[in-house]
Amino acid sequence: MQKKWGASMGQAVRLTYYDNYMPVGDIVTIAICMIMIVLVATSYVKKTRTFSVFISLIICILIAAFADMIQHDWYTYVTDGNYTAVYVFRLIYHIALFSVLIGYVIYIIELMRLEMYRKVPIMITASILYVFMVVLDVIYSVSGKGFTIKADGSYKTGANIFMIGYVCFVSLSLFIMIAYRSKLYKQVLRGFYGTIIIAFMVLCIQSKHGQSSFTVTTFLFPVIGMLYLVHSNPYDMELGSVSARAFEDVIRYNFDKNQDLGTMSLLLTDYDNPNAILPPEVSEAIRKVSADYFTGAVLFQISKGHVLLAAKKSLNKDYENKLDKVLEAFNEYHDRFNLDYKIIIGDSTLEIGVKNEYLDLIRTIQKHIGVNTIHRISKDDVERYKTYKYVLSELADIVRGGNLRDPRVLAYCQPVLNISTGKYDTAEALMRLKLQDTGMVFPDKFIPLAEEYGYIHSLTKIMLQRTCDEIRYLVKENYDVKRISVNVSVLEMRDDNFIADIEKIISDSGIPKEKIAIEITESQNDDDFQITKDKVDRLKDMGIKIYLDDFGTGYSNMERIMELPFDIIKFDRSLVIASSTDNRSEKMVGSLAEMFSGLDYSVLFEGVETEEDEKRCTSQSAAYLQGYKYSKPIPIMDLKNFFSKLEQEDNNA
Ligand code: C2E
Ligand code: CA
Ligand code: CA
C-alpha cells in the first residue's frame, strides 16, 4: 500500500499514518469527553443505576481515542521495524471499543430494568461475544491473518475482525431496543435511535472516503444522547435549584456509596401551594444562603414553597458549624421577611434513603411539627415513620379485602353505667388494630390516618358488624343490652353509600335498629354540617340513637347542637377534670348538664376515674357514667361479664 518516506539526517521518518488516518477525530472526541466530565461534575446529573455505566463508557471512549492516536503515531516513529507497540495499542483500542459496545448493552438493559430472566441470557450472550471477539482479534493479529505490518512499514488490513464484532454488538443492542421497546419512554428510545442512525451515517461517509479518523467519534453519539436524555437535570435559573425528582436519586446514590449527605429542608408554609409565587427577594435569599456556607451543596426545589439543601459531609469537615451559620443567616432573613417556616434537618445515612422514602419521611414529619420549628430527624422518627407506613399499608389491605370480620380489626368495648338502674346496659365500641409486626395499635395511631386516606368508612363497617354480632349474641343469651354505640367520623358521611351500608349491616344481622347508637363529634365545617344533618336525620328515622361525642372540646355551637336530633350528650373528660378544679367550673359544668337534661337530652360523663368524679357527676344531672372507674376498654366478648340477664317475663314483655 501507499507509504511516503522522507529522509532527514539519514533517519527514515514516515510522514503519513496508515489507514488514511488523521488525528482530528480522536482529538475532538477527547475534548468532548472532557467537556462531558466537566458538565457531569458541575451540573446535578441524575445518579441512577445507569450512571456508573455511563461514566465507564466515557472512560472507555477516552482510552480508545488515546490508544488510536498512539498506535498511529507510534507507527510513524518506528525505524527498526519493530511494530509490537503498534499492535499492542491497536489491541487496546479494539478492546476499549468492544467495552463501549458491551457497555451500551448493559446500559440499555439497566435503563429498561429488565427482569432477571431476560437480563441474564442477554448478559451471557454479550459476554461470550465480547471474549470471543477479543480473543479472535488477538489470534488474527498474531497469526498474520488480520492487520499486519511488515518490517519495511508496508501493511495489510487483512480480515476485519473488529467490524464483525461491531456489527454483532450493534445488532444485539438494536434487538433489545426493539424487543423490549415498551420498557423505555418512547421519546428516549427515539433519541437513541437517532444517535445510532447518525453514527452509522458518519461511518458510511468516512468509509466512502477511505477514512478511519472518526470511528471513535461515532461511539460518542449515543453517550451524548444518554447525558441529555437520561442524566441531565437543568438548574432552575431563579433559585439555582434542581428538581425534586433528582433528590431521591441523590439520596439513594449517596447511601449506596456510604457517603454521608447532610440535608436541610425548608418549607415556607404560606407558599405551600402550586400557584404560589416566591417573592424574588426570598428566592434571592434562599439562593444566597444555600451557596454561601457549604462547599458543593445542591439546592433542590421540591414544590413551590419547599426547598431542600444537600451537602456532602466529606466536603464540609465542620458540617455542624456551617449548619449553625446557615441557621443564623436564616434567622436574620426570618426577622426581615417574617414568613412562617418548618425546617427539618437530617442525613442520608438514615437507612430510609434506600427505599426512596426520604422525601416522604420529611413530608410526614412536616405534617406533625408546628410552624416555626426546627426539627432534627432522629432514629425514632425513622422508626415511627416505618410503623406509620406499615400501619397504612395494613389499613389499605384491610379496606381492599372488604372482609367485615377482618381479624386485624379488634372491637373493644367500654361498659357504661346507667345511673337510674345502677346497672350496665349500654356500652361504647372502641376500635383497635392487631397487626403482625406491631401488635396492638391504638386509635390515636391509625384513626387520623384512616380519615386522611379515606379508609375510615370501611373500618366503621367492620366495627358495626362486630357490634351487631355481639348484640345478637347478648340478646340470644337473654342479656339486658339496651344498645352499643359505634363511633362514626363526620368525614365518612360524605360517602354516598354511608346510610345504605349501615342499614344493610344492621338488617342482615337481624337485630333491632334501636340497639345501635352512633357517636359523632361536632364539625366546624359548614358544608359538613348540612351533610351531617341530612345523614343523621335519616339514621334517626331508622330508629338508631344518636350521641354527641366529646362535648366541651370543640367550639360547641348550641344552635347547631339543637338542630341535630341527639339523644345523648357525652361530656368530655376535660369537663370532668375542670369541674374538680374549682367551684366556678363545677357550677358551669353542673348548669350545662342541667340545661341539657331540661331539654330532654340524657347526659353522659366520660372519663370518670375516681369515686370523687362519680359523686360529682351523679350530682350534676348525669344519666350515664363511663370511665376507668368502672372498666377500661375490654374485648367486646367480655362485655357479658358486666351485663345482667333479663328476667324471663321482662324478655317476653
Ligand atoms: P372517644 O370516642 O372519646 O373514646 C373515649 C376514649 O377515652 C377511649 O380511648 C377510652 O379508652 C378513653 N377512656 C375511657 N375512660 C377513660 C378514663 O377514665 N380516663 C381516660 N383518661 N380515658 C378514658 P381510645 O379507645 O384510645 O379511643 C380514642 C379515640 O379514638 C376515641 O375517643 C375516638 O375518637 C377514636 N375511636 C376509637 N374507636 C373508634 C372507632 O371505632 N371509630 C372512630 N371513628 N373513632 C374511634
Ligand atoms: Ca366516642
Ligand atoms: Ca369521647
Side-chain angles (χ1 to χ4, degrees), residues 391 395 398-399 404 406 408-417 424 426-434 440-468 470 483-495 498 501-502 505 516-523 528 532 535 545-554 556 566-580 603-614 616-617 622 624-636 639 642:
V391 170
L395 283 177
I398 290 169
V399 172
L404 288 179
D406 194 306
R408 288 169 289 187
V409 180
L410 302 187
Y412 269 56
C413 229
Q414 203 175 21
V416 174
L417 182 71
Y424 299 99
T426 59
E428 175 182 10
L430 294 161
M431 186 166 16
R432 273 99 184 92
L433 296 181
K434 193 173 179 194
M440 189 87 100
V441 188
F442 287 88
D444 58 317
K445 292 280 182 299
F446 69 86
I447 296 284
L449 264 183
E451 287 183 337
E452 185 183 341
Y453 284 84
Y455 299 152
I456 191 71
H457 182 52
S458 301
L459 296 181
T460 301
K461 286 199 292 187
I462 297 176
M463 285 300 287
L464 184 62
Q465 180 65 58
R466 289 292 174 68
T467 305
C468 289
E470 182 61 17
R483 66 189 161 264
I484 297 178
S485 57
V486 174
N487 289 282
V488 166
S489 159
V490 176
L491 295 174
E492 67 186 288
M493 296 204 183
R494 292 192 196 135
D495 201 313
F498 177 74
D501 287 344
I502 290 197
I505 292 169
I516 290 291
I518 66 150
E519 299 194 5
I520 56 168
T521 51
E522 298 168 85
S523 155
D528 278 348
T532 309
K535 301 285 162 86
K545 294 269 187 288
I546 317 289
Y547 291 18
L548 172 63
D549 203 357
D550 299 338
F551 174 75
T553 57
S556 297
F566 290 118
D567 299 287
I568 291 181
I569 310 291
K570 294 187 83 171
F571 276 40
D572 187 71
R573 171 161 166 76
S574 56
L575 293 182
V576 176
I577 294 171
S579 74
S580 74
V603 173
L604 183 156
F605 280 93
E606 277 192 290
V608 176
E609 290 187 353
T610 62
E611 196 107 353
E612 238 194 349
D613 288 345
E614 179 182 68
R616 208 175 45 253
C617 293
Y624 298 97
L625 299 177
Q626 178 184 351
Y628 293 166
K629 162 134 205 321
Y630 313 103
S631 168
K632 296 215 157 166
I634 49 168
I636 200 162
L639 205 55
F642 284 84

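Nothing here was measured: the structure is a model prediction, and the numbers come from that model. Atoms within a ligand are numbered from 1 in the order they appear, just like the ligands themselves. FYI, side chains are in, hydrogens and waters are out, and symmetry mates aren't considered; it's all heavy atoms of this structure.
Side-chain contact between E522 and L548 is present, with at least one heavy-atom pair separated by less than 4.5 Å. Contact annotation: the side chain of I569 never approaches that of L604 to less than 4.5 Å [non-hydrogen atoms, C-beta and beyond]. When side chains are defined from C-beta on, D613 counts as touching R573, because their heavy atoms get closer than 4.5 Å. With contacts defined as side-chain heavy-atom distances shorter than 4.5 Å, the pair L395/Y453 does not qualify. Within the 4.5 Å cutoff, side-chain heavy atoms of I484 are placed close to those of C413.
To the nearest 0.5 Å, atom OG1 of residue T521 and atom OH of residue Y547 are 15.5 Å apart. In this structure, CZ in F605 is found 8.5 Å from CZ in R616, a value given to the nearest 0.5 Å.
Applying the 4.0 Å criterion to heavy atoms of M463 picks out, from ligand 1, the atoms 41 (O). Close contacts of ligand 1 with V608, meaning ligand atoms under 4.0 Å from a residue heavy atom, involve 18 (O). If you number the atoms of ligand 1 from 1 as listed, the ones under 4.0 Å from a heavy atom of G627 come out as 15 (N), 18 (O). For ligand 1, the atoms closer than 4.0 angstrom to any heavy atom of Q414 are 14 (C), 15 (N). Within ligand 1, counting atoms from 1 as listed, the ones closer than 4.0 Å to a heavy atom of D550 are 3 (O). Distances below 4.0 Å separate heavy atoms of E609 from the following atoms of ligand 1: 17 (C), 18 (O), 19 (N), 20 (C), 21 (N). Which parts of ligand 1 touch P633 is read off a 4.0 Å heavy-atom cut-off, strictly below it: atoms 11 (O).
In this structure, atom 13 (N) of ligand 1 lies nearest to the protein heavy atom Y628 CE2, 3.6 Å. Of the protein's non-hydrogen atoms, P443 CB, 4.1 Å is the one closest to atom 35 (C) of ligand 1. Nearest protein neighbour of atom 2 (O) of ligand 1, counting heavy atoms only, is D549 OD2, 3.0 Å. Atom 10 (C) of ligand 1 has as its closest protein heavy atom L430 CD1, 4.0 Å. In terms of protein heavy atoms, atom 40 (C) of ligand 1 is closest to M431 CE, 3.5 Å. Ranking protein heavy atoms by distance to atom 44 (N) of ligand 1, first place goes to N487 O, 3.7 Å. Residue, atom and distance of the protein heavy atom nearest to atom 5 (C) of ligand 1 are E606 OE2, 3.7 Å.
Here's the thing with E428: one of its N/O atoms is less than 3.5 angstrom from an N/O atom of ligand 1. Between R432 and ligand 1, an N or O atom pair is found at a separation short of 3.5 Å.
Judged purely by atom type and a 3.5 angstrom limit, N487 uses its side chain to pair as donor or acceptor with the backbone of A429. Looking at R466, its side chain never comes within 3.5 Å of a backbone N or O of M431 through a donor-acceptor pair. Of the possible polar contacts, one joining the D567 side chain to the I546 backbone as a donor-acceptor pair under 3.5 Å is found.
Checked by atom type, the side-chain pair S485/E519 shows a donor-acceptor distance below 3.5 Å. Inspection of the S580 and E612 side chains reveals no N or O donor paired with an N or O acceptor under 3.5 Å.
Coordination check, E519 versus the Ca ion (ligand 3): failed, since every N/O/S atom of the residue sits at 3.0 Å or beyond. Taking backbone and side-chain atoms together, D572 has no N/O/S atom less than 3.0 Å away from the Ca ion (ligand 3).
At least one heavy atom of I447 sits less than 4.0 Å from an atom of ligand 1. Not a single heavy atom of E492 sits less than 4.0 Å from an atom of ligand 1.
In this structure, K632 is positioned above the aromatic face of Y628, its NZ or CZ under 6.0 Å from the six-membered ring centre and within 45° of the axis.
Take the N/O/S atoms of D550: the one nearest the Ca ion (ligand 3) is OD1. Looking only at its N/O/S atoms, D549 has OD1 as the one nearest to the Ca ion (ligand 3). Between the Ca ion (ligand 3) and the N, O or S atoms of E606, the shortest distance is to OE1.
Checking atom 22 (N) of ligand 1 against the protein gives a heavy-atom contact under 4.0 Å. Remark: atom 16 (C) of ligand 1 lies closer than 4.0 Å to at least one protein heavy atom. The nearest protein heavy atom to atom 32 (O) of ligand 1 is not closer than 4.0 Å.
A salt bridge links E606 with K570: at least one charged nitrogen is closer than 4.0 Å to a carboxylate oxygen. E609 and K629 are not joined by a salt bridge, as no carboxylate oxygen comes within less than 4.0 angstrom of a charged side-chain nitrogen.
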Criterion side-chain hydrogen bond (donor to acceptor under 3.5 Å, both in side chains) on Q414 and S631, from CA distance to verdict: CA-CA 6 Å; Q414 203 175 21; S631 168; over 6 Å; no
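Draw a line from the Ca ion (ligand 2) to OE2 of E428 and another to OD1 of N487, and the angle between them is 90° (to 10°).
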